[in-house]
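The structure appears right after this line, and notes come after that.
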Amino acid sequence: MSILHSYDEKKLSFHQNDQHVRNIGIEDMQTLRGIVQYFEKSVDRSHVYRDIYIARSILVWMSHMVGSMLIDQLPDEVRNLVDSDSYAPGTFHTLCEAAGIKSVVIVGKAKDITFEPGWQFDKIPQASWNSFRCNNTWHLVFTELAIALVSGYRRGGEIVIESDGKRTFQALSSSAGHERSMFSEFWFCIHPKILAIHAFPDDIYSLYLPKGQSVGEEEFASCALMFPAFFQSRMSLLSENACVLMSHKGRCVIHIACPSVKGLKFKYKLKFLKDTGEIGSLNLRALSRMVVFSPGIDDVTFTISLPMLGHYLFSTSALSDDHNRNPECFKFKIICNEIDAHCRNIPQSVTEMGVGFTYVAKEFGLKQPTNASAILKVYYDSDQESASDEVIESEAVRFRVAEDRINEVEFTSDFLDDVENIGFSEVNLNKDKGELEVKAGLKKAGERVLVVKGREIASDQNFKPVLNYIVSSYEKTDDSYEKNVKKNKRIEANKRKRDAKESFKAQLEDLVLTTKEEIKKLYQELIDSEAVASDMDPDKQLMFKESSNVQNIRQELVVMEEDGSRYDDMFLESPVNDLLDTYANERITQSTKSSSQFTKEQWMVFILCIWVAYGFFMYLDNR
């Protein structure tokens with residue numbers, strides 16, 4: 001099982017299957033059975049994953065028919081399944097039944113496009129979705145989200161006050177949006193842990209989560225709202241897992257673990273809910289930039305300073321080549337009961353690269369910063385006289401420089417937009433130690449952005465920004481926040497280990513099931529060949545079956561059967577001894593009717609290896 005889906009993505013590929021479905025003609029859609037028969041042309045009926053392929057075909061076809069001009073040409077039986085009044089979960093269920101696939105319609109509550117962070121459980125709308133079974137495993141499908149996309153929806157009453165580092169003032173009116181056909185494989189066979197964030201069934205067991213991992217109504221309503229791109233980018237939340245965040249002294253921090261930071265371009269919007277406070281264009285002109293973007297090597301932090309009392313919405317998208325159609329990652333509501341007295345005036349030039357140690361610095365040859373934060377804290381004693389020429393103690397951050405770069409680069413530093421000239425800094429490159437030291441301070445209380453620049457010595461080009469740091473005398477160390485982040489990192493690491501174990505278990509169980517199916521097929525083929533074997537000399541058959549080699553294997557099979565009987569998933573419907581007899585007959589007759597090239601000894605070793613692997617996993621699972 002992957003982290004996104006309940007099937008093994010390495011084993012299944014749907015490209016040709018999906019294209020086949022989209023090529024369906026009107027002549028193939030005259031009956032339900034005719035539609036299913038068309039789907040079956042792209043997958044063998046005996047294929048072990050046949051039901052997954054057919055279920056996928058059903059969804060792709062439903063998406064293909066959204067708004068299609070072919071609908072009016074369909075007979076009533078089919079048209080009623082896909083017209084504007086159709087019920088998508090019901091259509092999926094009906095076609096699954098026509099294809100002989102066990103499926104159910106699940107009823108509960110779901111966070112649709114109208115959902116707003118902060119809603120109580122009772123306010124979340126009713127919804128329904130599906131599950132279907134393949135190889136004794138139930139797979140979840142959020143049907144309506146899988147077949148169509150609603151874009152342009154707006155709740156109204158919002159004012160965009162900052163967008164991608166630019167201050168703005170854009171009032172948004174309400175809009176119902178518009179629906180368009182787009183198949184989203186994200187919601188097909190969606191991992192139960194992901195669906196549990198978006199949907200809550202009336203029967204909690206319909207989530208198919210392991211015992212103890214289900215959530216309650218209150219936790220479902222209040223948990224952070226994450227969208228497909230969040231999971232597709234392998235992100236995880238390191239800060240508070242809640243869709244409504246309370247600011248602390250006018251600031252809010254959202255911290256995300258993201259192993260693919262380098263390949264993503266982050267965009268964000270900060271909106272103010274105008275019915276929760278007073279805001280006007282005149283006030284906005286005096287506002288500082290409110291969002292500080294800090295992309296690390298494997299994490300991203302957004303620090304949001306709030307200049308007005310009220311409620312805000314903060315949403316982020318991550319653009320990449322893999323999922324640029326629906327890139328929204330998450331959305332939070334932020335409640336501000338105390339304004340930030342020191343809103344940061346971050347220069348526009350900093351917003352794209354961000355602050356802190358990023359991939360730009362790493363690719364330039366720097367590594368191992370002594371300060372993991374994006375902020376250099378300068379301690380200021382308020383009892384001292386705050387004269388403009390007072391020198392406040394400087395703060396240093398050091399980096400290792402790659403050995404192959406130490407003699408090729410040089411550095412300098414400067415403060416951006418420091419009109420009052422209160423910042424001072426210096427850089428020291430120690431080639432013997434392979435270390436770069438950057439020192440910075442402020443001549444009076446305040447906050448400024450320090451940029452560290454570098455260049456290739458041989459290139460004779462201008463210095464280019466490599467690092468940005470916020471140098472601040474206002475910043476206070478929040479030990480509780482740092483502890484929570486470290487705690488959440490440990491939790492996420494444990495989750496990844498547990499998910500890896502569950503994935504291994506799922507793969508092993510899948511291997512057992514597929515092997516079982518292959519053995520059943522082989523068994524049937526050997527039964528068919530028994531007629532040939534029965535014509536052989538009975539004395540020769542008896543001599544072979546009573547040989548020491550066959551007897552030893554027969555004894556091994558008895559032991560294997562006894563050991564394997566503890567695992568229900570390993571149960572073979574065919575009696576072991578009967579299976580051995582058919583193998584013996586097949587060995588004597590050397591029938592070409594059998595498709596297997598394995599000898600009986602090889603089959604026994606193969607089955608034994610599967611049992612040993614499964615037993616070893618059970619041992620690990622119980623430790």
Side-chain angles (χ1 to χ4, degrees), residues 261-262 292-301 303 344 346-347 349-350 352-381 389-418 420-477 482 485-486 489:
V261 171
K262 183 180 178 182
V292 177
F293 171 51
S294 306
I297 300 301
D298 58 1
D299 63 347
V300 175
T301 304
T303 304
R344 289 166 172 157
I346 304 298
S349 58
V350 176
E352 184 171 348
M353 187 171 77
V355 298
F357 189 79
T358 70
Y359 262 101
V360 176
K362 183 178 180 180
E363 292 177 345
F364 199 78
L366 300 181
K367 55 185 178 179
Q368 301 175 11
T370 56
N371 187 344
S373 171
I375 300 170
L376 300 182
K377 302 178 181 66
V378 178
Y379 297 97
Y380 173 74
D381 187 349
D389 59 351
E390 179 186 0
V391 177
I392 303 176
E393 181 181 354
S394 63
E395 180 71 13
V397 57
R398 299 175 183 83
F399 309 87
R400 299 293 300 170
V401 183
E403 293 180 3
D404 59 343
R405 300 282 288 168
I406 190 69
N407 294 314
E408 298 178 356
V409 294
E410 59 183 342
F411 300 89
T412 186
S413 64
D414 193 11
F415 280 88
L416 298 177
D417 295 351
D418 186 12
E420 298 178 78
N421 195 29
I422 68 171
F424 64 92
S425 65
E426 61 176 305
V427 295
N428 299 302
L429 180 61
N430 189 323
K431 295 185 178 181
D432 294 332
K433 292 184 177 181
E435 181 180 273
L436 173 69
E437 180 185 56
V438 179
K439 290 184 176 182
L442 299 175
K443 298 177 182 178
K444 67 177 184 178
E447 209 169 54
R448 292 293 186 272
V449 174
L450 172 72
V451 56
V452 179
K453 301 178 181 179
R455 71 175 178 182
E456 304 275 351
I457 296 176
S459 68
D460 197 29
Q461 295 180 349
N462 294 330
F463 283 93
K464 294 182 179 180
V466 175
L467 285 161
N468 295 310
Y469 278 99
I470 295 175
V471 182
S472 174
S473 65
Y474 300 137
E475 190 71 17
K476 303 296 180 183
T477 302
E482 295 296 335
V485 168
K486 291 180 179 179
K489 284 185 176 181

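Positions are given from 1 along the sequence.
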R398 side-chain N/O to T370 backbone N/O, donor-acceptor pair under 3.5 Å
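No, R398 side chain to T370 backbone: no donor-acceptor pair under 3.5 Å.
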Any donor-acceptor pair under 3.5 Å from N428 side chain to E437 backbone
no
Side chain to side chain, [X] and [Y], heavy atoms closer than 4.5 Å:
X: S294; Y: V292; result: yes
X: V261; Y: I297; result: no
X: V397; Y: L376; result: yes
X: L436; Y: V438; result: yes
X: K444; Y: E420; result: yes
X: V409; Y: I457; result: no

Atom pair [atom1]/[atom2] of [X] and [Y] - distance to nearest 0.5 Å:
X: E447; Y: K377; atom1: CD; atom2: NZ; answer: 11.0 Å
X: E395; Y: Y469; atom1: CD; atom2: OH; answer: 11.0 Å
X: N421; Y: L442; atom1: CG; atom2: CG; answer: 11.0 Å
X: L467; Y: T358; atom1: CG; atom2: OG1; answer: 6.5 Å
X: D418; Y: R448; atom1: CG; atom2: CZ; answer: 5.0 Å
X: L416; Y: L450; atom1: CG; atom2: CG; answer: 8.0 Å

Trace of the salt bridge (Lys or Arg N to Asp or Glu O under 4.0 Å) decision for K431 with E403
CA-CA 9 Å; K431 295 185 178 181; E403 293 180 3; over 6 Å; no
In terms of side-chain geometry, is the basic nitrogen of K453 or E410 positioned less than 4.0 Å from the acidic oxygen of its partner?
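A salt bridge is absent here (no side-chain N lies under 4.0 Å from a carboxylate O).
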Between K262 and E363, is the closest basic N to carboxylate O distance under 4.0 Å?
yes
Suppose we call two aromatic rings close when their centres sit under 6.0 Å apart. Are F364 and F411 close by that rule?
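Aromatic pair counts; centres sit under 6.0 Å.
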Under the side-chain contact (heavy atoms from CB on, under 4.5 Å) rule, what do D417 and V449 come out as? Steps first, then yes or no, please.
CA-CA 8 Å; D417 295 351; V449 174; over 6 Å; no
Looking only at heavy atoms, which two atoms of [X] and [Y] are closest? And how far apart?
X: P369; Y: F357; answer: CG-CG, 3.8 Å
X: G441; Y: V378; answer: CA-CG2, 4.2 Å
X: G365; Y: R405; answer: CA-CG, 4.2 Å
X: E435; Y: I406; answer: N-CD1, 4.4 Å
X: N371; Y: I375; answer: ND2-O, 3.2 Å
X: V471; Y: F415; answer: CG2-CE2, 3.9 Å

Give a yes-or-no answer on whether the side chains of S413 and S425 include a donor-acceptor pair shorter than 3.5 Å.
yes
Which is it for R400 and K367 under the side-chain contact (heavy atoms from CB on, under 4.5 Å) test, yes or no, and what are the steps along the way?
CA-CA 5 Å; R400 299 293 300 170; K367 55 185 178 179; 3.7 Å; yes
Quick one, V300 with F293, criterion side-chain contact (heavy atoms from CB on, under 4.5 Å). Give me CA distance, side-chain angles, the key distance, then yes/no.
CA-CA 8 Å; V300 175; F293 171 51; 3.6 Å; yes
Should we say atom CD of E408 is surrounded by more than 12 heavy atoms from elsewhere, each under 6.0 Å from it?
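Check passes, neighbour count above 12.
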